[in-house]
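First up is the structure itself, then whatever we jot down about it.
Throughout, protein chains are lettered first and strands after them, A, B, ... in sequence-line order, and every chain is numbered starting at 1.
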2 protein chains.
Amino acid sequence: MTSAPRSRTLPSGEPRPRYDQDSLLAVAAEVFTERGYDGTSMEHLSRASGLSKSSIYHHVEGKEQLLRLALERALDPLLASLNEPDVTTGRAVDRLHHLIRRDVEILADRLPYVTLLLRVHGNTETERWALDQRRGFDRRVAKLVQQAIDEGDVRSDVDARTTARLIFGVVNSLIEWYRPGRDTSPAELADQIASMVLDGIRT
Amino acid sequence: MTSAPRSRTLPSGEPRPRYDQDSLLAVAAEVFTERGYDGTSMEHLSRASGLSKSSIYHHVEGKEQLLRLALERALDPLLASLNEPDVTTGRAVDRLHHLIRRDVEILADRLPYVTLLLRVHGNTETERWALDQRRGFDRRVAKLVQQAIDEGDVRSDVDARTTARLIFGVVNSLIEWYRPGRDTSPAELADQIASMVLDGIRT
DNA sequence: GTCTATATGTTGATAGAC
DNA sequence: GTCTATCAACATATAGAC
């Protein structure tokens, strides 16, 4: 698991992330991702982290808080991507292009966290919250696609909502097989995908 | 999938739901699909089916057998689609077109079963078996894409394996939102998707 | 901050009456 | 074929010593 420098003073604004909580979170995301949230017991997390079960409770309130923190690791950059300059200015089809590239990069960068996000079932309050955040994201992408259709750059024989869903169907499917390091670089992959997707949807 | 009571008329008194293995399976697939396999307890299945837990054990050996039967409902037609005449004769790009159309139809027809298949984590023997079947399917699709590249009909700047994965990334993402009846007809959807995908990957 | 030991509830599965 | 009652195993979480 990744280790982070511990004693550096961080810029104010966010509560100082605790080293132990962070590395525990990385382990938890990996195990949740592999076994599913429900299929993961505190015993599994204990073995994977090398901590006893009760020591884990020293760092986090419980299993569900680990889930929430891990999901935020995926949701924060994804939601932020919608507000980046490249995605908020210019022709809609170009903004869409940037968004696709950006989100492939985020997915590659935060793979276990995004994988977790995409596999969540609405069994707990935290899971339902995550699903709700995803829906909000999807809605905003659909709006962008609609704009691109209105501007005449994207085919209009398929409706915007469907097109938006298919686009992120492709992007999100990366979690099933993409492994940074082993496969193409994130930037190159992002180019290939954006190119294929746009060839498929353009007028 | 609706939890179908037996078609037979029941003896006098209350219309107690009677189940055979098939209708129980439909309920199980629905609940597994909604809550995840690990997140589903026999108690959940009991409530959803109207049977007591122990009555469920009269029909099936246990929870994992329900999973296996449900997964076969998805895997059988998917694997069979690879051997259909339209998919085994002619130019590779056309066979690919047929395969995409066919699998969108299968997905629409067996939605809860395919959804379950695509969400499985390798925690149990049955789950690992399903993952293995999926890998075999993917390999055969990748071969077909490679043929289409060799025949000059599909772009060669992205490798066959990646292209195959992206194609079924789109198709499989349907489980996230497609609902037969509410949305476009399966045939129409299959056309739209095949069209977009092929526009994206053709030379 | 870590551990062992344990409280308390839920799980998949079984026994046996009707 | 259905049910109620029950089990052993395992779940999340806590107590308290070091």
> Got more than 12 heavy atoms from elsewhere within 6.0 Å of CZ, Arg161(A)?
Replying inline: no
>> Does dA11(D) have its OP1 or OP2 closer than 4.0 Å to a side-chain nitrogen or oxygen of His44(A)?
In response: no
> Leu66(B) CG to dA13(C) P: how many Å, rounded?
Replying inline: 10 Å
> Once you round it to whole Å, what is the distance between P of dA11(D) and CD of Glu64(A)?
Replying inline: 18 Å
> Could you state the CZ-P distance from Arg35(B) to dG12(C), rounded to the nearest angstrom?
Replying inline: 11 Å
> Under the side-chain hydrogen bond (donor to acceptor under 3.5 Å, both in side chains) criterion, do Glu127(B) and Thr124(B) qualify, and how do the steps go?
Replying inline: CA-CA 5 Å; Glu127(B) 291 172 278; Thr124(B) 65; 3.0 Å; yes
> To the nearest Å, how far apart are His59(A) NE2 and dT12(D) P?
Replying inline: 18 Å
>> Please report the interatomic distance OG(Ser195(B)) to NE2(His97(B)), rounded to the nearest 0.5 Å.
In response: 7.5 Å
> Mapping Tyr57(B) and His58(A) onto DNA chain C by nearest heavy atom, which one lands closer to the 5' end?
Replying inline: His58(A)
> When the distance from CG of Asp38(B) to P of dA11(D) is rounded to whole Å, what number comes out?
Replying inline: 11 Å
>> Using whole Å, what does the distance between atom P of nucleotide dA13(D) and atom CD of Glu43(A) come to?
In response: 14 Å
>> Can you measure Leu45(B) atom CG to dT2(D) atom P for me and round it to whole angstrom units?
In response: 15 Å
>> Rounded to whole Å, please give me the gap between NZ in Lys63(A) and P in dT12(D).
In response: 5 Å
> Between Ser41(B) and dT10(C), is there a side-chain N or O to OP1/OP2 distance below 4.0 Å?
Replying inline: no
>> From the set dC3(C), dA11(D), dT2(D), return the single nucleotide nearest to any side-chain atom of Leu51(A).
In response: dC3(C)
>> Taking any heavy-atom pair under 4.0 Å as a contact, classify Ser46(B): base, sugar-phosphate, or nothing.
In response: nothing
>> So that I can tick it off, tell me whether Arg119(A) and Glu34(A) are bridged by a salt bridge, with the cut-off set at under 4.0 angstrom between side-chain N and carboxylate O.
In response: no
Could you write out each protein N or O paired with an N or O of nucleotides 4-9 of chain D at a distance under 3.5 Å?
unit_1, atom_1, unit_2, atom_2, d
dT4(D), O4, Ser54(B), OG, 2.5

> Who passes side-chain contact (heavy atoms from CB on, under 4.5 Å) against Ala142(A), sequence neighbours left out?
Replying inline: Ala164(A)
> How long is the span from the CG atom in Leu166(B) to the OG atom in Ser173(A), to the nearest 0.5 Å?
Replying inline: 5.5 Å
> Can any side-chain N or O of His98(B) pair as donor or acceptor with the backbone N or O of Asp94(B) at less than 3.5 Å?
Replying inline: yes
